[in-house]
Structure formats: structure tokens, C-alpha cells
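What follows is one structure encoded as C-alpha cells, with my remarks underneath.
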Amino acid sequence: MDNREAKFILGAYRPGGQDANDRRFVEALEQARRDSMLQRWFQDSIAFDTTMTDKLRAIEVPLDLRGSILTGVKVSRSLRSSKPLIKWAIAAVFFLSVILGSLVWRETRPAHLAGWQNEALGVISSLVRNESRFDIQSHKPAELVSWLHSNHAPVADKLPSNLDNLESLGCKTFSCHGVPVSVICFMRPDGGLLHLLTTNASPLSDRVFQAEAKFVQQGEWATATWREGERVYMLALEGSRDQLQSYLL
Amino acid sequence: MSNVDFQQLVDQQYAPLYRFALALAKSEADAADLTQQTFFLWALKGDQLRDRSKAKAWLFTTLYHEFLSRRRHDVRFPRVELNDLPEEEMSTFPNVNAFDSATVLQALREVGEPYRAPLTLFYLEQFSYHEIADVLEVPIGTVMSRLSRGKALLRSRLAGRSREETFGNKIVGLQSNKMEKSHG
């Protein structure tokens with residue numbers, strides 16, 4: 001471990017000393033004990049952090065905020081608890097409608113995406129529209145895979161061979177309903193983008209996804225999802241199923 | 001949850017939540033509104049949380065989600081990478097004692113949101129990197145990276161203000177010397 005790495009890790013060390021026994025810090029702390037320059041930096045860092053905490057905790061809170069919260073919630077509660085019988089009757093009718101509706105819909109619906117897949121497409125869209133950022137950017141997919149491995153994010157042990165030849169843009173990690181997901185974005189030769197999502201397989205995904213890719217066209221998005229070992233992968237692009245299929249050969 | 005329990009939770013958490021919101025939001029009014037909205041959501045959904053010891057983390061996570069959903073189409077933050085920062089800015093520490101809380105808060109607000117949220121949780125609540133990862137729902141490595149970059153950016157902002165103040169004082173000093181001479 002060099003000093004730059006040690007500084008990176010010690011940046012998360014809390015000045016109160018609560019983290020002294022955390023194994024992630026042990027090596028960096030040891031490095032600081034051995035290296036006087038790093039030791040001085042660490043002491044300055046702790047002093048800086050302590051003062052920052054004091055300064056931020058001294059920010060005054062509006063005097064009427066507590067009263068507003070308590071009064072506002074009290075008013076909301078009283079509105080919510082009025083006319084309970086009507087409320088329950090409406091809820092029961094609504095509940096029955098939902099059950100009946102879902103039974104009919106289940107029989108007639110086309111192939112669709114699961115909740116996490118829709119959420120993941122939302123994340124990709126925000127990346128494409130530049131509304132959110134990559135965690136890290138690189139034109140080399142192997143670098144992104146390595147970064148995801150080192151951050152314990154779900155990632156393919158080996159990228160599908162047709163993707164390995166593409167140039168990448170970056171990757172991002174996020175979670176859908178508490179389940180970690182990673183996405184690597186690639187540049188296609190035709191100028192478009194291609195996205196590989198990876199998440200960990202679960203008992204539910206065992207039932208839904210198999211080794212053979214399941215294609216779903218949703219709006220402008222073409223997606224293919226499959227399971228391989230302990231991972232579930234989804235490949236997505238804005239385009240047609242035929243375009244997507246060429247990356248799965 | 002009884003009214004007494006709710007009041008206790010408000011008493012314990014409204015000030016730190018407000019300060020967290022203030023570091024994220026654009027104005028004091030927005031911060032107060034975010035704090036209030038978070039407690040409204042707690043009043044609606046808090047009963048679903050079985051482990052009461054996680055109420056604090058729930059409140060911070062909810063406030064952060066509220067903030068994100070409000071600003072989703074709002075602001076684009078400039079990209080600043082660790083490698084973009086000069087080594088000296090990674091290593092030097094401005095004297096924070098020289099600034100008041102408002103200036104420190106302003107410097108924190110000037111740091112991009114991805115860094116600002118973990119920094120605020122780290123400083124205000126002394127959350128561990130594990131807890132920050134849970135609240136923000138990002139991997140531990142990302143938290144460490146954002147803390148490291150965020151602190152470097154914050155130091156850079158504060159050092160800039162320090163230089164501005166020193167430079168400004170010198171100009172004022174020179175001008176007042178000139179004035180005294182011309183009057184003498």
C-alpha cells in the first residue's frame with residue numbers, strides 16, 4: 001500500500017476513533033505509524049474533520065421547524081382517521097378490483113419486464129441523458145470489470161465475447177429494491193450504445209430466467225435477459241431485437 | 001407509533017436532518033420542507049419498519065430520496081475526478097477555524113452532490129462508511145472514493161476562500177494606506 005492508497009482509505013476514518021479496530025483501516029493506520037509524512041497528514045486530516053463537524057453542528061435550526069412538523073403530522077393524522085368505515089369500504093372495493101384486474105391482465109399481457117429491469121432502464125436512461133454520472137469512466141471494458149470486482153459489485157467473470165471487442169464508456173452501480181446491480185455501457189460500431197446489466201441471481205430469478213435469453217421489446221428498448229451461474233444479465237439497447245441479437249451470438 | 005414516541009423521534013432527529021437537508025438543498029426553506037416531508041412520510045410509513053433501531057437511518061435515507069426525486073431534472077453537476085485535483089490540494093489543510101459555520105456550509109454546498117451527501121453524513125452524524133453506504137445505497141468502495149474526493153474538493157474550496165480573504169485584506173490594506181497618505 002502506498003501513501004496515496006492509505007490517504008484514500010483513511011479519508012473514511014472517523015475522527016472519534018470508532019474505526020480503530022475496523023480491518024479495512026488496520027493496514028492504512030499501520031502505514032501512517034511507519035511513515036512520518038503520512039502520519040502528519042493523518043493528524044491534520046483528523047483535526048480538519050473534527051473542526052468541520054463542530055462548525056456544521058453549530059448551524060442553527062429554524063425555531064419554528066419542530067412545531068411545524070408536529071402540527072403538520074397531527075393535522076394529517078386527523079384527516080386520515082376520519083370516516084373509517086367509508087375508507088375501509090373503498091379500500092375493499094379497490095382491493096377486489098385490483099385482484100380481478102390482475103387475473104385478467106395476467107392472462108392477456110405480452111412479455112414484460114420485471115420491476116428491477118424497469119428501474120434499471122430508468123437508470124440507463126438517466127445516464128444516456130446525462131442526468132446521472134458514471135461511477136467510473138474508461139474506454140477499456142476490462143478496467144471497468146476490474147473496478148466493479150474491487151468494489152464487490154455484481155459483474156461477469158468474463159464478458160460475452162461480442163462485447164469484449166467493443167469500446168466502453170463507463171460503469172455505474174446502484175440498487176433496485178435493495179438488490180445491487182451494475183451496468184457497463186458500450187459504444188456500438190453504428191454509433192449507438194449498448195448496456196450490460198448484471199445482478200445476483202435469486203430464488204425468484206431462478207424461476208423466471210434461464211440460460212436461454214428472454215427477449216422483451218418495451219417501447220424503444222430491446223432487452224435480452226438470461227441467467228448464467230450465480231448471475232442474471234440483461235443486455236439492452238435502444239433499437240430492435242435484431243440489432244440486439246447480433247451481440248448475443 | 002404513539003404521539004409521545006413520535007415527538008421523541010422528532011426531538012432527537014429534526015435538527016440533524018435539517019442540517020443534512022440544508023447541505024443538500026438550495027435554501028433554508030427547501031431544507032425545512034424536506035425535513036418536514038420526511039417526518040410526514042415517517043408518520044405514514046414508519047409503522048412498516050420492524051426494527052426501531054433503524055429509524056434514524058430510515059429518516060436519512062428517506063430525506064435523501066426525497067431530495068433526489070425533487071432535483072432529478074434540475075441541475076447537472078460538473079464532473080470532477082480525483083485525478084483532476086493537484087496533489088497539493090490532496091495534502092494541504094486550510095484552517096477551518098478561520099471560517100464561520102455559514103462559510104463552511106457554503107463551501108460544502110459548492111461540492112457536487114454525489115460528494116456532498118456522504119460528506120455531510122460523515123461530518124454531521126459521524127456515520128461510518130458502512131452506514132453511509134446503507135443510507136445512500138451505494139457500494140462501500142464508492143463511499144470511500146466519494147469521501148476521499150469530496151474532502152479534497154472541500155479543502156480546495158476552503159483554501160480558495162482563504163486565499164481570497166488574504167488577497168482581499170491586502171488590497172484593502174493598500175487602499176487604506178494610500179488614503180491615509182493622501183489625507184496626511
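Throughout, protein chains are lettered first and strands after them, A, B, ... in sequence-line order, and every chain is numbered starting at 1. Computed from a predicted structure; not experimentally measured.
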Residue part contacting chain B, namely of [X], when any heavy atom lies under 4.5 Å:
X: A:F42; answer: neither
X: A:D22; answer: side chain
X: A:S150; answer: neither

Are B:V10 and A:R66 side-chain neighbours, meaning at least one heavy-atom pair lies under 4.5 Å?
yes
Using a 4.5 Å cut-off on heavy atoms from C-beta on, say whether the side chain of B:F122 contacts that of A:P15.
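Answer yes - side chains close enough.
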[X] versus chain A, the contacting section by heavy-atom distance below 4.5 Å:
X: B:L119; answer: neither
X: B:P16; answer: neither
X: B:L136; answer: neither

If you count heavy-atom pairs under 4.5 Å between each of [options] and chain B, which one has the most?
options: A:D54, A:T50, A:I69, A:T173; value: A:I69
options: A:H152, A:R24, A:M37; value: A:R24
options: A:D49, A:L65, A:L10; value: A:D49

Residues B:L158, B:F93; criterion side chain to side chain contact (heavy atoms under 4.5 Å, CB included); working and verdict:
CA-CA 9 Å; B:L158 287 168; B:F93 292 88; over 6 Å; no
Specify which of [options] makes the most heavy-atom pairs with chain A at under 4.5 Å.
options: B:T142, B:L22, B:L108; value: B:T142
options: B:E125, B:E28, B:Q37, B:Q126; value: B:Q126
options: B:N97, B:L105, B:L147; value: B:N97

Assess whether a salt bridge exists between A:K7 and A:D2, defined as any Lys/Arg side-chain N lying under 4.0 Å from an Asp/Glu carboxylate O.
no
Ion pair A:E30/A:R33, N-O distance below 4.0 Å
yes
